[in-house]
Amino acid sequence: MSMLFLNDGFAKTTIKLLFWFCAAFLAILIYYICISYKLWHTDFAKKRVPRSSEQNPSHCQPPSFTTFTQERDKVVLYSMKHEENFGDIEGTYTFDEPISMKTLHPENEDIHNRTQRTATLSPDTSRNFGVMRRSTRRSFTLRTKKRLETEVEAETLDMDHHYLSFSQFLWCRFAIWPSTYWLALTGLTRLFFRGTLHKMGWIKPKCCDYKSLVFKLCLESTLAMHYGGKRKDDNGNEVVGMFFAEFPIVEQDGSFKIVDLLSIDLDLKSKRMLSAKLDGKDELEADEVAILLFYYTISGNHVKIHGLANWAINLEPKQIKANPSVARNSIVTTIYNYFGFHSFPVLFPKFKAMRMISENWNPQSLLDTFIHGLEHSLFWNPMVNEMAPHSEFVDFQCKLMPFFLKEFDKVKSRYFPGYDGMAFFVGTVIHSLDHSAAEWNMEDPLWLNINHAKYGKMAEISRVVRCGFVEQHPSFMFHQYFKGCGHPFYDTVYEKASTINQKLADNMDTCIVR
């Protein structure tokens, strides 16, 4: 009898505990949804419009690429301003092939036609395009068109402007947010302990040849677009010139500054840096150049990729119904652009609390770097293919891009209506490989010297980004790679990419997802 009483009591206690556990879980879930709604209402419902609206920045055509001629003219202008330091850049650095008008104006090529987006956001499986209705959740009237603007170009890139419905935003809060924060938390925790042990002298960074590192940062990443020609040194060896006009930096007092010109000479034979100069100053050391280049990689340069990717997003109802996996990729790209531009600077107090960055690190300086990068559109350099024999990254890009755009042109009206072909290529292949290159090139974040007298601030935030926001995510509730995607377009592109470079092909993402 007593045993029966004990069993009955245990059952009641277990049921009571289960009840309170479920009630607590439900309360936390409701609270999380309410917080999510408040965040969505503040950052999306009141500020953004669908791409079909004329008020959306990517309703019109993307801004034109900065041409090779424009960029080279700036480099020459600033080198003349500091002639005592740079000398005659225009007459010293040349190219293997003459620079023809055909080379400088890729719009004359058939490749330009392949990149053009369809004039509608509806896939061709739908016959009645219709007009989007005004949402009752928003307090202003949306002017929408059946067709996208095909003539007018946007003035600048804009990284964060697409609208998500609350259901789409809530899906991101459950499917993406946890993995993203887990990656950041674990990465920054490792950095905290390694940084502390290094400061105490208990551990040392991996051995680093900084001159070789600078070579990789320049040519094994999207910074290769700043290739400015070659010259012969006194021994007859080929030397590559890399030129970065209007280069953004953050001073030690936390202020934002734009310097006129950063120039770097690379030895193609040894694959190492020879020298580097910044404006009219003395030559830079290789570890200093590594800080400058990596900061630019994760800030002013990388935001250009995010900004252009907004012209390869379609979240219209007919697209969601006809191509749900492609539309999901658009949702993921939109939320990551939101994370990068809107949410990341908000985390600065947490970084300071963890002693990752200095107290006087002004988040506005990082935003100013972002804005500077977005206002100076992506640099189109048709001469970069000369570096293909010396760079896996450049070789892969030059070989895959024509095939990607050819396949895109075949299916864009069916799967990718409203997508700009170049924006699609940049937002998928180039973006994911720029992240992978940053991870592979900067193997140890402790290589970035946070105690440097001039560039320590940039080294601090570069360490944070490298550890918490560069690497691939451990797990998602959806498939993120070209490899094994199951979609005919992505599978076709991956099959071709894997014949060029298996390692790079395996790291291609179908959207901006890191």
Side-chain angles (χ1 to χ4, degrees), residues 51 56-65 106-107 110-124 148 150 153-154 157-159 161-162 222 302-316 319-320 322-334 336-337 377-378 380 396-435 479-483 485 487-497 504-505 507-514:
R51 195 173 172 208
N56 187 295
S58 53
H59 180 84
C60 53
Q61 292 284 359
S64 297
F65 280 69
E107 64 268 24
D110 181 54
I111 195 173
H112 176 73
N113 297 324
R114 293 173 178 170
T115 67
Q116 294 301 291
R117 65 186 186 183
T118 59
T120 176
L121 290 167
S122 299
D124 64 3
L148 291 167
T150 57
E153 289 186 358
L157 294 171
D158 189 310
M159 180 171 166
H161 61 265
H162 280 298
T222 53
H302 195 68
V303 293
K304 301 175 191 288
I305 300 172
H306 280 260
L308 186 60
N310 280 314
W311 276 265
I313 284 177
N314 186 346
L315 288 170
E316 297 301 304
Q319 170 70 353
I320 294 173
N323 301 300
S325 64
V326 178
R328 180 203 63 211
N329 290 340
S330 291
I331 294 173
V332 177
T333 295
T334 298
Y336 265 95
N337 281 346
S377 186
L378 274 169
W380 173 268
F396 185 78
Q397 171 193 314
C398 291
K399 290 178 179 177
L400 183 61
M401 184 176 71
F403 181 84
F404 182 102
L405 296 177
K406 182 182 72 175
E407 294 302 312
F408 167 77
D409 189 46
K410 294 177 183 177
V411 299
K412 60 185 178 183
S413 61
R414 170 64 182 89
Y415 297 121
F416 310 108
Y419 279 41
D420 177 270
M422 188 59 74
F424 191 24
F425 180 74
V426 168
T428 53
V429 176
I430 297 300
H431 174 267
S432 51
L433 295 185
D434 203 42
H435 269 262
H479 191 84
Q480 70 185 77
Y481 302 108
F482 275 69
K483 182 180 181 180
C485 180
H487 188 281
F489 173 78
Y490 296 112
D491 287 348
T492 301
V493 172
Y494 173 77
E495 184 178 355
K496 173 65 176 179
L504 296 182
N507 282 274
M508 297 190 308
D509 298 325
T510 59
C511 54
I512 289 183
V513 68
R514 42 178 161 158

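FYI, side chains are in, hydrogens and waters are out, and symmetry mates aren't considered; it's all heavy atoms of this structure.
The aromatic ring centres of F408 and Y415 sit 6.0 Å or more apart. Between Y336 and H306, the ring center distance fails the sub-6.0 Å criterion. For Y490 and F482, the distance between ring centers is under 6.0 angstrom.
Residues A154 and W311 share a closest heavy-atom pair of CB-CZ2, 3.8 Å. Residues A312 and D420 share a closest heavy-atom pair of CB-O, 4.4 Å. Of all non-hydrogen atoms in L308 and A423, the two that sit nearest each other are O-CB, 3.1 Å. Nearest heavy-atom pair across P417 and P123 is CG-N, 3.6 Å. Across all non-hydrogen atoms, the minimal contact from C511 to N329 is CB-O, 3.5 Å. G427 approaches I512 most closely through the heavy-atom pair O-CG1, 3.4 Å.
Between the OG atom of S413 and the OH atom of Y419 there is a distance of 13.5 Å, given to the nearest 0.5 Å. Taking CD of Q319 as the start and CZ of R51 as the end, the distance is 10.5 Å to the nearest 0.5 Å. The line from CD1 of I305 to CD1 of I430 is 7.0 Å long, rounded to the nearest 0.5 Å. We find the CG-CE distance between L433 and M508 to be 7.0 Å, quoted to the nearest 0.5 Å. The CD atom of E316 lies 8.5 Å from the OG1 atom of T120; values are rounded to the nearest 0.5 Å. We find the CG-CD distance between D491 and E407 to be 12.0 Å, quoted to the nearest 0.5 Å.
Put simply, the side chain of T333 never gets that close to the backbone of S330: no donor and acceptor are under 3.5 Å apart. With H302 contributing its side chain and K304 its backbone, the two residues share no donor-acceptor pair below 3.5 Å.
The shortest distance between side-chain heavy atoms of L405 and M422 falls below 4.5 Å. Side-chain contact check for P63 versus L157: some heavy-atom pair is nearer than 4.5 Å. Taking 4.5 Å as the limit, some side-chain heavy atom of S325 sits within range of a side-chain heavy atom of H487. Side chains of K496 and K399 form no contact here, defined as non-hydrogen atoms less than 4.5 Å apart.
For the 3.5 Å distance criterion, the side chains of S58 and H162 qualify, holding a donor opposite an acceptor. For the residue pair Q480/T510, the side-chain donor-acceptor check at 3.5 Å is not satisfied. Side chain to side chain, T222 and D434 meet the donor-acceptor criterion of an N or O pair below 3.5 Å. Counting only N and O atoms by type, the side chains of N323 and R414 include a donor and acceptor under 3.5 Å apart. With hydrogens and angles left out, the side-chain atoms of N310 and D158 include no donor and acceptor closer than 3.5 Å.
Looking at residues two or more places apart in sequence or on another chain, you find a salt bridge (charged side-chain N to carboxylate O under 4.0 Å, His left out) between R514 and D509. Every residue was checked against the ring pair (Phe, Tyr, Trp, His ring centres under 6.0 Å) condition with Y494, not counting sequence neighbours, and none meets it. Scored by the ring pair (Phe, Tyr, Trp, His ring centres under 6.0 Å) test, F425 finds F404 as partners (sequence neighbours excluded).
Classification of the H435-H431 ring pair by plane angle, with boundaries at 30° and 60°, yields tilted.
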